Amino acid sequence: MNNEYYTFNEYIKNNKLSPSEEDYIEMIYRLYLENKTIKVAEVALALNVKIPSASKMVKRLSDKNLLEHERYGCIYLSCEGKRIGKKLLKRHDTIESFLKIIGVKNNLHEETEKIEHTIREETLEKISLLVGFLGENKSILKEFKDYILDRDDAF
């Protein structure tokens with residue numbers, strides 16, 4: 001028997017970005033889509049953190065060449081920052097859509113956040129396919145939602 005069990009930290013140790021860095025890039029990308037000019041204070045407000053914390057993270061992401069920022073100026077995502085931001089936003093939206101489909105109502109955003117930082121590419125791809133399939137097959141989606149309603153008190 002091949003025993004491939006590890007601790008959680010072992011599974012995520014090769015991630016290039018920390019969960020916090022991912023959150024910042026995703027939020028900066030969201031803000032970029034709304035308004036091309038982004039200030040540190042806007043990022044801090046959007047993520048419910050203090051401005052000095054946001055400034056520190058912006059500096060860290062700048063050092064990783066994911067964005068550019070002039071002191072007291074605007075934040076601009078690099079091409080790589082935009083690519084990663086787009087990918088992270090798609091990941092977030094896919095997981096959130098999946099959780100809605102399976103009937104998660106309480107703490108939807110929190111659950112999405114927890115899952116999105118740990119999910120593997122292959123798993124996300126399969127979830128995306130399922131979400132797409134159910135979106136194109138409304139009758140099957142309705143059957144599933146009816147099924148969920150009948151068992152909503154299972155846990």
Side-chain angles (χ1 to χ4, degrees), residues 1-34 38 42-49 53-54 56-69 75-155:
M1 180 175 167
N2 188 3
N3 191 354
E4 294 186 20
Y5 291 97
Y6 301 99
T7 66
F8 174 76
N9 286 336
E10 197 64 28
Y11 287 117
I12 66 165
K13 76 177 183 183
N14 292 323
N15 290 2
K16 292 179 181 165
L17 295 173
S18 71
S20 291
E21 290 171 332
E22 288 182 347
D23 285 339
Y24 273 84
I25 290 292
E26 180 185 329
M27 184 53 69
I28 292 168
Y29 185 74
R30 284 175 186 270
L31 294 169
Y32 161 79
L33 292 176
E34 294 173 13
I38 306 149
E42 294 172 277
V43 176
L45 181 66
L47 289 172
N48 295 299
V49 298
S53 296
K56 187 176 177 183
M57 182 60 81
V58 164
K59 168 82 170 92
R60 188 185 317 170
L61 294 170
S62 179
D63 291 347
K64 290 186 175 195
N65 298 314
L66 297 175
L67 53 85
E68 294 176 21
H69 177 251
I75 299 169
Y76 301 97
L77 287 166
S78 67
C79 289
E80 181 68 358
K82 286 178 190 171
R83 185 191 69 74
I84 292 171
K86 182 177 183 178
K87 182 179 173 181
L88 294 173
L89 181 59
K90 183 177 190 279
R91 178 183 74 181
H92 179 97
D93 291 346
T94 299
I95 293 166
E96 187 174 81
S97 295
F98 172 71
L99 292 175
K100 285 179 182 176
I101 286 170
I102 63 171
V104 174
K105 294 180 185 90
N106 296 323
N107 304 314
L108 177 65
H109 185 75
E110 178 184 342
E111 290 300 305
T112 301
E113 284 293 317
K114 289 175 182 176
I115 294 169
E116 74 181 336
H117 296 296
T118 58
I119 197 164
R120 294 191 55 193
E121 234 8 85
E122 178 188 14
T123 306
L124 182 64
E125 183 181 312
K126 300 306 181 191
I127 288 172
S128 181
L129 288 170
L130 178 64
V131 169
F133 173 80
L134 292 172
E136 292 175 16
N137 294 278
K138 301 290 185 194
S139 62
I140 294 172
L141 179 59
K142 184 185 177 327
E143 281 183 52
F144 180 70
K145 288 194 177 210
D146 291 345
Y147 178 83
I148 288 174
L149 285 174
D150 291 342
R151 288 154 185 82
D152 219 9
D153 59 352
F155 290 98

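Quantities reported herein were computed from a predicted structural model and do not represent experimental measurements.
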Do [X] and [Y] come close enough that some side-chain heavy atom pair is under 4.5 Å?
| X | Y | answer |
| --- | --- | --- |
| Arg60 | Ser20 | no |
| Leu130 | Ile101 | no |
| Arg91 | His117 | yes |
| Glu21 | Leu66 | no |
| Leu99 | Ile115 | yes |
| Ile102 | Phe144 | yes |

Give the minimum heavy-atom separation between [X] and [Y], together with the two atoms involved.
| X | Y | answer |
| --- | --- | --- |
| Lys87 | Glu121 | CE-OE1, 3.3 Å |
| Ala54 | Val49 | CB-CG2, 4.2 Å |
| Leu88 | Glu26 | O-OE1, 3.8 Å |
| Leu67 | Ile75 | CD2-CG2, 4.0 Å |
| Val131 | Ser97 | CG1-CB, 4.0 Å |
| Arg30 | Asp93 | NH2-OD1, 4.1 Å |

- Item | Donor-acceptor pair, side chain of Thr94 and main chain of Lys90, under 3.5 angstrom | yes
- Counting N and O atoms only, with roles assigned by atom type, does the side chain of Ser62 sit under 3.5 Å from a partner on the main chain of Val58, one being a donor and the other an acceptor? no
- Message: Under the criterion side chain to side chain contact (heavy atoms under 4.5 Å, CB included), I'd like the reasoning laid out for Leu149 against Lys145: C-alpha separation, chi angles, the key distance, then a yes or no.
- Response: CA-CA 6 Å; Leu149 285 174; Lys145 288 194 177 210; 5.7 Å; no
Atom [atom1] of [X] and atom [atom2] of [Y]: how far apart are they, to the nearest 0.5 Å?
| X | Y | atom1 | atom2 | value |
| --- | --- | --- | --- | --- |
| Leu33 | Lys82 | CG | NZ | 10.0 Å |
| Ile25 | Arg83 | CD1 | CZ | 11.0 Å |
| Leu89 | Glu116 | CG | CD | 9.5 Å |
| Leu77 | Lys86 | CG | NZ | 13.0 Å |
| Leu141 | Glu136 | CG | CD | 12.0 Å |
| Ile84 | Tyr29 | CD1 | OH | 12.0 Å |

- Check against side chain to side chain contact (heavy atoms under 4.5 Å, CB included), Glu111 and Glu96: CA-CA 8 Å; Glu111 290 300 305; Glu96 187 174 81; over 6 Å; no
- Message: For a side chain to side chain contact (heavy atoms under 4.5 Å, CB included) check, start with the C-alpha distance between His92 and His109, then their side-chain angles and the critical distance, and finish with the verdict.
- Response: CA-CA 9 Å; His92 179 97; His109 185 75; 3.6 Å; yes
- CA sep, side-chain torsions, deciding dist, call: Leu108, Lys100, side chain to side chain contact (heavy atoms under 4.5 Å, CB included): CA-CA 8 Å; Leu108 177 65; Lys100 285 179 182 176; 3.5 Å; yes
- Query: Is any side-chain N of the basic residue among Glu110 and Lys114 closer than 4.0 Å to the acidic one's carboxylate O?
  - Reply: yes
